[in-house]
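These notes concern the structure reproduced below.
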Amino acid sequence: MATLNLRNITKIYPHSGGEKKAKKKKSDSGEKKVNLQITDQGVVAVQKFDLDIADKEFIVLVGPSGCGKSTTLRMVAGLEEISGGELLIDGKLMNDVEPKNRDIAMVFQSYALYPHMTVFENMAFPLRLRKVPANEIERRVKEAAEILDITQYLDRKPKALSGGQRQRVAIGRAIVREPKVLLMDEPLSNLDAKLRNQMRAEIIKLRQKIDTTFIYVTHDQTEAMTLGDRIVIMKDGFIQQIGTPQEVFDHPANIFVAGFIGMPQMNFFDAKLLSEGGKYFVTVGGCKVELSAEKQKNLAAHKISAQDITLGVRPSHMVLAKQAGNTLSATVEVSEMMGSEVHFHANAEGRDVVVIVPTMNPDGSHIDTFTTGDKLELTFSGNVCHVFGKDGRNLEY
Amino acid sequence: MSEPAVTVKRPASLKKTILRLLLYFVVLDVCVITLYPYFAMLCTALKGRGEIFATQGTILPITALWSNFVDIWSLAPMAKYMLNSFLIAGGSTLIAMLCGIPAAYALARMKFKGQTAFLAFVIVSQMFAPVVLLIGIYQVMLALHLTDSIWGLIFINAAFNQAFTVWLLRGTFMGISAEMEQAATIDGCTRVQSMMRVLLPVAAPGIVTTLIFIFINAWNEYTVALCLIKTDTLKPLTVGINIFNGYNIIEWQYLFAASIFAIIPVVILFMCIEKNLVSGLASGGVKG
Ligand SMILES: Nc1ncnc2c1ncn2[C@@H]1O[C@H](COP(=O)(O)OP(=O)(O)OP(=O)(O)O)[C@@H](O)[C@H]1O
Ligand SMILES: [Mg+2]
């Protein structure tokens with residue numbers, strides 16, 4: 001029911017306690033690798049965030065821990081001051097509007113239910129504050145409870161509910177109001193894997209039942225791919241790419257996006273881009289592949305010259321060659337049998353490579369199996385490889 | 001709580017048994033040491049004057065004079081003292097909470113310059129014993145025309161307990177996830193509403209505990225009341241019962257009988273605190 005425009009939004013958390021915090025972050029961020037810019041004013045958590053969200057669109061913000069997803073969401077909600085830029089909801093500037101007047105609802109990662117109220121009261125709370133008549137409250141809460149299948153818990157306190165049930169109540173409290181925008185901050189991350197899959201499906205169903213604009217934060221790429229109309233991939237406070245799930249999967253804008261989206265991760269090789277007779281080729285190891293016509297066109301349009309590149313090929317796009325010659329040789333280190341396919345973890349050109357191979361040919365014959373130490377001869381076609389320059393950007397765009 | 005109790009019987013090792021016995025012994029000792037004065041108080045309160053001053057005295061009264069507990073109400077304006085104590089303790093608790101809750105909220109939920117310094121200052125203000133401040137307090141009260149007045153004592157007791165209130169409530173508030181209040185502001189609350197309708201109910205156990213502590217502190221206050229109040233009918237219990245501490249003779253039995261009445265509210269309130277501390281009302285709102 002609403003369009004959102006985020007224009008050049010920036011968030012700077014002012015230094016408090018100063019040095020202490022910065023030091024602490026350095027010491028415990030070993031695996032996280034948060035590289036936020038730190039200026040005199042403070043920690044820059046979000047920078048140059050530009051995004052136009054259409055009515056009823058489902059936007060997913062995804063990225064590694066600490067990249068500024070929650071911060072962005074909280075700025076939309078009005079819980080965090082916007083340090084720079086403009087936020088518009090339905091064309092109206094919202095920067096300095098109180099959260100209660102923005103007509104948004106939010107589901108918190110911690111659920112943030114009111115422990116002293118029953119489930120019914122929790123869900124009725126936003127309606128009571130808006131002076132909705134009692135019978136209308138009753139009707140709407142019952143309706144939301146029905147959708148979320150929590151009718152039998154309406155008289156309970158949150159304490160007496162399981163994690164999944166609490167999550168539903170939190171969602172219920174957000175939807176009873178029929179808000180313009182529904183914000184969700186990692187709503188499923190506290191649930192176990194099975195429940196998460198189930199709730200993910202519920203959210204897809206929920207979306208069909210209620211007409212509203214969604215902004216959904218997650219660090220789980222499966223959630224991002226399955227839920228989002230468009231995905232916003234963030235890193236270190238910057239947007240890396242915005243696009244539909246298919247777009248970001250097929251045309252990653254840079255190495256980070258290429259590596260972040262897709263399981264198992266995309267393989268990367270140190271390779272060369274050659275330009276011979278007006279055609280672009282990539283060479284890696286003993287393998288030389290001509291790029292597809294579309295890629296030729298894109299690269300030519302940007303006047304890309306021959307250079308050292310990082311080549312990206314997804315595991316499922318690596319193909320076993322019948323015989324050696326114009327192939328990439330790899331040595332199998334681990335092979336994982338997954339049923340219908342095998343994942344080979346191999347080493348090629350000093351890089352770890354994952355290759356996914358179906359266990360059976362379409363005609364029903366089994367493919368050759370390989371074990372540790374065996375040599376694989378790999379190829380890939382010219383339309384599934386991604387060419388990244390030394391700065392990590394995809395050279396096609 | 002609700003899972004079926006499965007008791008696994010293990011052969012108790014000797015070491016464990018000995019440790020356990022030792023623990024019981026220590027606990028018993030502590031109980032006896034702390035409770036004996038009360039026991040002595042009760043015994044004395046039940047004795048006649050003759051028995052108290054007898055050279056071959058016994059600990060237990062030979063004839064229990066329950067009438068002492070009745071007599072004090074007519075020998076002294078006990079009811080008035082008690083009412084004064086209630087007014088002073090209740091009034092100062094109310095004021096301390098009314099000022100302490102917003103202060104603690106600001107310290108727990110907002111960031112401002114000099115916050116740490118302010119908190120340190122609040123703690124430092126607690127380091128002076130009331131006696132040290134007595135002369136200053138007396139002069140201030142004189143200037144405010146609040147000597148010999150219950151209002152004066154209400155304000156002083158509120159002030160004495162303010163630092164403690166702020167620290168205790170700040171701790172309570174900080175222990176409660178701010179996300180609940182943020183959820184409330186998104187749901188349509190103003191900041192004040194989110195505090196009144198979400199934070200305070202969730203913090204209720206901590207608030208009640210603080211409240212009771214202040215009440216007890218103010219109820220027990222003696223020094224300042226002794227110095228400020230001259231009119232007998234304005235005295236709180238702590239000071240008032242000195243009426244039995246005469247020029248010539250101390251009426252121990254009445255003094256202690258009155259003291260027992262004085263400690264009854266304190267004991268009841270302590271029992272309330274204990275109950276409050278045990279019930280974890282705040283759990284369940286957030287995960288975990
Ligand atoms: N109040 C704050 N003061 C200073 N820095 C902050 C504050 N809140 C967050 N940050 C920093 O801003 C960055 C972005 O935080 P944010 O919570 O938005 O990350 P996130 O993407 O939601 O991560 P996660 O997936 O772990 O929730 C983090 O590196 C964090 O350290
Ligand atoms: Mg977050």
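In what follows, every chain begins at residue 1, and chains take the letters A, B, ... in the order their sequences are listed.
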Which pair of non-hydrogen atoms, one from [X] and one from [Y], has the smallest distance, and what is that distance?
X        : Y        : answer
B/Gln193 : A/Leu129 : NE2-CD2, 4.1 Å
B/Ala183 : A/Ala112 : CB-O, 4.0 Å
B/Ile186 : A/Ala105 : CG2-CA, 3.9 Å

Task: Per-residue contact mode, B/Ala184 against chain A (heavy atom under 4.5 angstrom) - done: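 Both the backbone and the side chain of B/Ala184 come within 4.5 Å of chain A.
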Task: Contacting region of B/Arg191 [heavy-atom separation from chain A under 4.5 Å] - done: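 Contact with chain A is absent: no heavy atom of B/Arg191 under 4.5 Å.
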TODO: Pick out which of B/Asp187, B/Thr190, B/Thr185 makes a side-chain contact (heavy atoms from CB on, under 4.5 Å) with A/Lys100.
DONE: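 Of all the options given, the one that passes is B/Thr190.
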Open item on the list: Run B/Ser177 and A/Phe108 through side-chain contact (heavy atoms from CB on, under 4.5 Å) and show every step you take.
Closed with: CA-CA 12 Å; B/Ser177 156; A/Phe108 291 78; over 6 Å; no
- [ ] Spell out, as yes or no, whether a donor-acceptor pair under 3.5 Å connects the side chain of A/Tyr114 to the backbone of B/Leu199.
- [x]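 Side chain of A/Tyr114 to backbone of B/Leu199, a donor-acceptor pair under 3.5 Å: no, none is there.
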- [ ] With rounding to the nearest 0.5 Å, note down the distance linking CD in B/Glu179 to CG in A/Leu79.
- [x]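 B/Glu179 CD to A/Leu79 CG: 8.5 Å, rounded to 0.5 Å.
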- [ ] Tell me, out of A/Arg130, A/Met106, A/Arg128, who's got the most heavy-atom pairs with chain B below 4.5 Å.
- [x]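 When all of A/Arg130, A/Met106, A/Arg128 are compared, A/Arg130 has the most.
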Task: Contacting moiety of A/Arg74, where chain B heavy atoms sit under 4.5 Å - done: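 Answer is side chain: those atoms of A/Arg74 sit under 4.5 Å from chain B.
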Open item on the list: With heavy-atom distances below 4.5 Å as the criterion, would you say the side chains of A/Pro115 and B/Met180 are in contact?
Closed with: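 With C-beta onward as the side chain, the pair touches.
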